[in-house]
Amino acid sequence: MIKTITTTPYADQAPGTSGLRKKVPVFQKPHYVENFVQSIFDSLDGFAGQTLVLGGDGRYYNREVIQRVLKMAAANGFGRVLVGQGGILSTPAVSNVIRKYKAYGGIVLSASHNPGGPDGDFGIKYNIGNGGPAPEKITDAIFARTRSITSYKIVEAPDVDLDRPGVSRLGDMNVEVIDSVADYSALMQQLFDFDRIGDLFRSGFRMKFDAMSAVTGPYAHAILERALGATAGTVMHGQPLPDFGGHHPDPNLVHAKEIYDLAMGTNAPDFCAASDGDGDRNLIIGRGIFVTPSDSLAMLAANAQLAPGYAKGLAGIARSMPTSGAADRVAQKLGIGMYETPTGWKFFGNLLDAGLVTICGEESAGTGSSHVREKDGLWAVLLWLNILAARKTSMLDIVQGHWATYGRNYYSRHDYEEVESDGANAMMKMLRDQLPSLKGKTFGALEIAGADDFAYHDPVDGSDSKNQGVRILFPDGSRVVYRLSGTGTAGATIRIYIEKFEADASRHNVETQAALGDLIALSRNLSRIEHYTQRSAPSVIT
Ligand code: G1P
Ligand code: ZN
């Protein structure tokens with residue numbers, strides 16, 4: 001039976017960089033989930049009888065929300081929902097299932113790398129029929145709808161059994177519980193040379209993968225240990241937990257310190273990697289060498305042809321604006337297009353759909369390709385493994401060889417997390433106000449060559465996105481970028497991105513923070529960040 005329930009709008013349901021993210025207690029407010037889900041459905045056309053894909057990263061509140069979305073999808077007229085077993089699907093797996101089964105769209109329940117649990121974060125994101133995050137046109141419409149919503153529709157029915165694969169009926173809709181791993185694993189086998197990677201493991205190559213008690217555990221066990229034959233125990237923290245074991249499932253040098261220490265220690269494995277809460281991010285570390293995500297993008301692009309799925313070469317590369325320019329140098333050498341987009345995976349969708357680019361990446365540990373429309377953590381790990389298997393040499397050798405050929409882009413991001421919003425906004429305004437007068441200003445030996453607020457014109461749909469980050473540019477290609485995070489759930493987070501290009505190979509082995517020292521000092525003086533935030537140092541440096 002379909003019921004129409006009266007509701008009143010919430011004022012705070014604006015989707016951010018990657019869907020709506022809030023603390024769990026906010027999502028637990030009466031009708032909070034239903035308002036947002038109904039607003040998604042109200043912003044879409046023509047889905048009657050169509051298929052919706054549904055899954056989440058298994059964090060606290062996942063199961064409850066899955067049940068409610070199923071009942072609302074039935075009430076709103078979807079014909080079928082494909083839902084991951086146990087309500088679990090990684091973000092790239094959702095993207096794949098949408099594409100493979102030509103679904104109308106999908107809903108991902110995740111707050112990515114943010115902590116989970118009753119006081120942790122939760123999130124809801126809508127993906128369109130190409131498998132990628134909804135573009136701003138749709139997220140703006142969803143937000144507008146949340147401001148005026150007066151009712152939502154839901155069927156009254158018992159909960160669906162999410163643990164048993166198979167088809168059941170909910171109102172006039174079919175619910176199909178699918179194996180969360182099988183389709184994704186099949187896609188990876190099409191892209192990569194599993195025999196060759198298997199040979200690598202058989203030759204004694206050792207790897208550790210930290211699933212961070214998050215969604216990639218079952219995927220990594222199936223692909224790395226069962227399909228590729230890596231020894232049991234290759235996958236650490238492989239059991240998804242609703243609170244991620246109390247950790248931040250964020251594969252960076254702070255939260256994935258255990259695997260970092262392993263990679264840097266004595267008797268380190270040949271290759272270490274990690275992925276985040278919902279499986280779209282990656283951390284890549286060779287024995288004794290951390291590879292920045294920006295460098296990883298460039299190195300994967302330079303070597304992608306070694307994997308069967310990319311043997312024909314790349315159409316082009318895209319990176320988000322704050323991501324280092326390392327990939328630009330690869331694109332230039334390959335003679336292919338290079339696109340610089342605002343932060344957030346949704347800006348890559350059009351470029352991928354139009355066939356302009358094959359590989360995309362962000363400095364925030366996101367890399368992916370045209371195989372889906374999300375970034376993909378395990379995909380990056382498998383492409384690295386394929387490259388290592390084909391080149392038969394160490395990570396260190398590949399990384400240093402890359403720098404010797406292309407030069408090195410020293411790169412770091414300094415985050416000031418959960419600072420007071422007013423101060424953060426005042427700092428950004430002060431920087432924006434200064435933009436016209438910055439050119440030519442000197443700070444010690446550094447002279448500013450230009451400064452702007454990044455704007456993007458989408459070459460495919462012609463849309464414009466403004467105010468995407470303040471850029472301070474220097475004559476040698478060095479940059480400092482400031483922007484506010486669009487994914488936080490408390491206060492504001494200021495991100496400062498610092499980059500310096502070094503062509504001279506004899507200067508490629510300097511510690512990163514030291515290599516960037518004068519730019520870091522400038523970035524703090526220019527923004528007067530300590531004054532605006534009362535913080536003397538960043539909370540996270542990656
Ligand atoms: C962050 C990252 C961005 C990424 C997004 C979603 O967004 O910086 O690159 O696309 O998470 O994973 P931000 O918090 O900076 O808005
Ligand atoms: Zn994520």
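This structure is a prediction, so every number in the text was calculated from the model and none was measured. All ligand and atom numbering here is 1-based and tracks the order in the structure.
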Nearest non-hydrogen partners of G469 and R432, listed with the distance = N-NH2, 4.1 Å
query = At what distance is the nearest protein heavy atom to atom 7 (O) of ligand 1, and which residue and atom is it?
reply = T487 CG2, 3.5 Å
inquiry  = Test your reading of the structure: does S485 have an N or O sitting under 3.5 Å from an N or O of ligand 1?
reply    = yes
ask   = Of the backbone atoms (N, CA, C, O) and the side-chain heavy atoms from C-beta on, which set of S364 has a member under 4.0 Å from an atom of ligand 1: side chain, backbone, both, or neither?
value = side chain
ask   = Below 4.0 Å from any atom of ligand 1, is there a heavy atom belonging to K346?
value = no
query = Under 2.8 Å from the Zn ion (ligand 2), how many protein N, O or S atoms can be found?
reply = 4
ask   = Quick one: which of R483, E362, K375 has a heavy atom closest to atom 6 (C) of ligand 1?
value = K375
query = What do you reckon, does R495 have a nitrogen or oxygen under 3.5 Å from a nitrogen or oxygen of ligand 1?
reply = yes
inquiry  = If the threshold is 4.0 Å, N to carboxylate O, is there a salt bridge linking D452 and R471?
reply    = yes
request  = State whether a side-chain donor-acceptor pair under 3.5 Å links T146 with Y10.
outcome  = no
message = Can you confirm whether the side chains of E363 and T292 place a donor and an acceptor under 3.5 Å from each other?
response = no
query = Is R413 touching ligand 1 with its side chain, its backbone, both, or neither, if touching means heavy atoms under 4.0 Å apart?
reply = side chain
query = Taking T533 for the side chain and I529 for the main chain, is one N or O donor matched with an acceptor at less than 3.5 Å?
reply = yes
task = Mind listing the closest non-hydrogen atom pair of L516 and Y411 along with its distance?
result = CD1-C, 3.8 Å
inquiry  = Does any N or O of ligand 1 fall below 3.5 Å from an N or O anywhere on G486, backbone included?
reply    = yes
query = Taking only residues two or more places apart in sequence or in another chain, which ones pass side chain to side chain donor-acceptor pair (under 3.5 Å) with K29?
reply = none
note = If we number the atoms of ligand 1 from 1 as shown, the ones under 4.0 Å from a heavy atom of T343 are 3 (C), 8 (O), 9 (O)
ask   = Thinking salt bridges, do E530 and R524 make one under a 4.0 Å N-O criterion?
value = no
Any G344 heavy atom less than 4.0 Å from ligand 1 = yes
Other residues, nucleotides, ligands: >12 heavy atoms within 6.0 Å of Y260 OH = no
key: Minimum-distance pair of heavy atoms, taken over all atoms of R413 and Y497   = CD-CE2, 3.3 Å
inquiry  = Would you say the ring centers of Y219 and Y184 fall short of 6.0 Å from each other?
reply    = yes
task = Before signing off on this row, confirm whether R281 and ligand 1 have an N or O atom pair separated by under 3.5 Å.
result = yes
